[in-house]
There are 2 protein chains.
Amino acid sequence: MLSYTEENYLKALLKLSFQNEDRPEAGTNEMAAYLGVKPATATDMLKKLKEKDLVTYKKYGKILLTDIGRKNGIAILRKHRLWETFLYEKLDFSWDEVHEVAEQLEHIQSAKLVDKLEEFLNFPEFDPHGDPIPKANGDMPAIAKTLLAELNAGQNCKVAAVKDTSTLFLRYLEKLKITIGTKIKVLEVIAFDGSLNIQIENEEPRSVSMKFAESLFINQLP
Amino acid sequence: MLSYTEENYLKALLKLSFQNEDRPEAGTNEMAAYLGVKPATATDMLKKLKEKDLVTYKKYGKILLTDIGRKNGIAILRKHRLWETFLYEKLDFSWDEVHEVAEQLEHIQSAKLVDKLEEFLNFPEFDPHGDPIPKANGDMPAIAKTLLAELNAGQNCKVAAVKDTSTLFLRYLEKLKITIGTKIKVLEVIAFDGSLNIQIENEEPRSVSMKFAESLFINQLP
DNA sequence: TAATAAAGTTAGATTAACCTAACAAATATA
DNA sequence: TATATTTGTTAGGTTAATCTAACTTTATTA
C-alpha cells in the first residue's frame, strides 16, 4: 500500500515524463519544484521509492519510473481524471475548479469505486481538459500533441486538450467560448510576434497571442 | 484546518454521544478503543483538541464536545452520510460496502463539493442505513430510537434505521428482504427468550431473536 | 474502609514527511 | 581546462501521530 505522499511522487514523475515526450526521466530538483518540497526532501523520498522498486534512482542520476511505478502512477491518473469528469459533468463544477478537489479524491482507495465511477460516467475517454483517461488495464487513448501554434494560415482544427490548465487560461477560454471539440480556423499567422488571427466556430475573427496558441492542443481537420 | 486524525476524534466523540443519549460525554479508553489506538495516544490528542477549543477536557475527567467541536463533527457526519448515499444509490454499492469507502471520502475538503453532492442526490434526509443526514446548517431530522424489541404483539411498524451496521447483520437483513421502510407486524413475543414472531410485509411469519429485535430501529404505525 | 481493579497519564521512543545548512558532484562557460 | 554555476546529497533537526512501560488517580468491591 502506498502513502498519499508516495502516490504524489509517482504521479509527478509520470506527468513530467509526459511533458518531455522524448525524455521520460526527471531530476531531483525538477521533482521537488513540481511537488512544492525542498530537494533534500525529494532525495529522501526517491531513495524510499527505489527501495520499493517503484523508480530507478542512482546518486546524481536521473529518475525513471519502473514498470510497477508506472502502473501505479497511471492508476492514480485514472482516478484523478475520472473524478474530474464526475465533478464537471455531474456536479456542475467549472473547468478550473475540478483539479483541486480531484487532487484529494484521487487518493481514495477502492478498486470497486473507480470502476463503478467509470461505469456511472459511461466510460469517458477524455477528462474535461481533454486529457485521455487511462482504462482499468492501463491503456490510454493517444494524446493530441499538435499545438495550435504549429498550424499555418488556412488550416482547420478541433480543440483536443489544454496544455496550460491554469485558472487564468481556463477562464479566458470560457470567455472565448472555447471548450474541447470547438472548431477553429487559422486565418493568418503574424510572423512578427507569432500571434494568430483565428475564427472560433462561426464567430467574428479575432487575434490571439503566440502564448495562447502554444497552450492549446488540437487535432487537425481536412 | 483540522487534520484527518483530528476529524476522526471529533466524529468518534459525536458518535459516542449519540450512542448514549443521556450521557453525551466519553472517556479516554472508550475513545481509544473506538478509534483503534492506545489510551496514551488518545490522551495526547485530547489535550491537543482542548487547546483548539474543540473539546472540554480535564485530567481524569470525562470528555465533551464544545459547540465548535460539535459543529465540526456534524459537518463530517454530513459528508459521511451523503457519500454513503451516493455510493448506494448511484454506484450500486451494497448496504454493507458503503461505510469503509465513506470513511475516506468524508475527509475531502471542499464546501462546494458537499453541497453540490447533496443537490445531486436530491437532498436526501436519510442515508442507506436509515440514519439522518445533517443539513448544511447543522440541523438533523429526528432519530428514530424505538427498537423493534420494544413492541408488543399486534403492533405494526416500519423499519427506520439499523442500530447494528455490521456486515453480518446487514447481510442477514438482505436475506430477509428487509430494507429501510419495510413494514413489519409483531405477531407474538416469546417471554422465555425475548424472541419475536413477525410478519415482514406480506411474507410468511417467521421468528427472529431478541438480539435481532434489539438491532433495528423502527417507527410505530397505527 | 482498605484492597483491588479499572481508567487515565506521563515519559521516552519511533516513523513519515518535512526542513535548513553545509557540502559534493556534474555541467556550463569564460 | 579551470572556474563558476547548477544540481543533488548528507547530516542533523522538527512535528504529528503513534507506541510501550511505568506510574497515578478514580471507582468498585469484599
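Residue numbering restarts at 1 for every chain, and letters A, B, ... go by the order of the sequence lines.
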Checklist entry - At under 4.0 Å between heavy atoms, what does B:Ala40 touch on the DNA or RNA strands: base, sugar-phosphate, or nothing? => result base
Checklist entry - Is it true that atom CD of A:Gln109 has more than 12 heavy atoms of other residues, nucleotides or ligands lying nearer than 6.0 Å? => result yes
Item to check | Donor-acceptor pair between A:His80 and A:His99 side chains, under 3.5 angstrom | outcome: yes
Next on the checklist: Any side-chain N or O of B:Lys59 below 4.0 angstrom from OP1/OP2 of C:dA7?
Outcome noted: no
Checklist entry - How do A:Tyr60 and A:Pro39 order along DNA chain C: which one's closest nucleotide is nearer the 5' end? => result A:Pro39
Next on the checklist: From NZ of A:Lys50 over to C1' of D:dG8, roughly how many Å is that when rounded to an integer?
Outcome noted: 15 Å
Next on the checklist: In whole Å, I'd like the distance from the NZ atom of A:Lys47 to the P atom of C:dC18.
Outcome noted: 16 Å
Next on the checklist: Whether the side chain of B:Gln155 engages the backbone of B:Asn152 through a donor-acceptor N/O pair (distance < 3.5 Å, no angle test) should be reported.
Outcome noted: yes
Checklist entry - Does the side chain of A:Thr5 get closer than 4.0 angstrom to OP1 or OP2 of C:dA16 through an N or O atom? => result no
Next on the checklist: Counting only side-chain nitrogens and oxygens, does B:Thr41 get under 4.0 Å of the OP1 or OP2 atom of D:dC19?
Outcome noted: yes
Next on the checklist: What contact category does B:Tyr4 fall into here, base, sugar-phosphate, or nothing, at under 4.0 angstrom with non-hydrogen atoms?
Outcome noted: nothing
Checklist outcome for this item: Separation of D:dT26 atom C1' from B:Lys62 atom NZ, nearest Å, is 10 Å
Next on the checklist: When you measure from the side-chain N and O atoms of A:Thr43 to the phosphate of D:dT10, is any distance below 4.0 Å, counting only OP1 and OP2?
Outcome noted: no
Next on the checklist: Working note: A:Leu148 + A:Val186, criterion side-chain contact (heavy atoms from CB on, under 4.5 Å); need CA distance, chi angles, decisive distance, verdict.
Outcome noted: CA-CA 9 Å; A:Leu148 177 59; A:Val186 177; 4.1 Å; yes
Next on the checklist: Just the rounded figure in Å: distance from P of D:dT9 to CD1 of A:Ile63.
Outcome noted: 7 Å
Next on the checklist: Measure CD/B:Glu30 against C1'/C:dG8 and give the value in whole Å, please.
Outcome noted: 13 Å
Next on the checklist: Looking only at the side chain of A:Thr28 (C-beta and beyond, no hydrogens), which of the listed nucleotides C:dT20, D:dC19, D:dT9 gets closest?
Outcome noted: D:dT9
Item to check | Separation of C:dA16 C1' from A:Asn8 CG (nearest whole Å) | outcome: 14 Å
Item to check | Atom-pair distance (CG on B:Asp44; P on D:dA16), nearest Å | outcome: 12 Å
Checklist entry - Just how far, in rounded Å, is C1' of C:dA5 from CG of B:Asn29? => result 13 Å
Side-chain donor-acceptor contacts of residues 132-143 of chain A below 3.5 Å, not counting sequence neighbours, with atom names and distances?
unit_1: A:Asn137; atom_1: OD1; unit_2: A:Asp139; atom_2: N; d: 2.8
unit_1: A:Asn137; atom_1: ND2; unit_2: A:Asp139; atom_2: OD2; d: 3.3

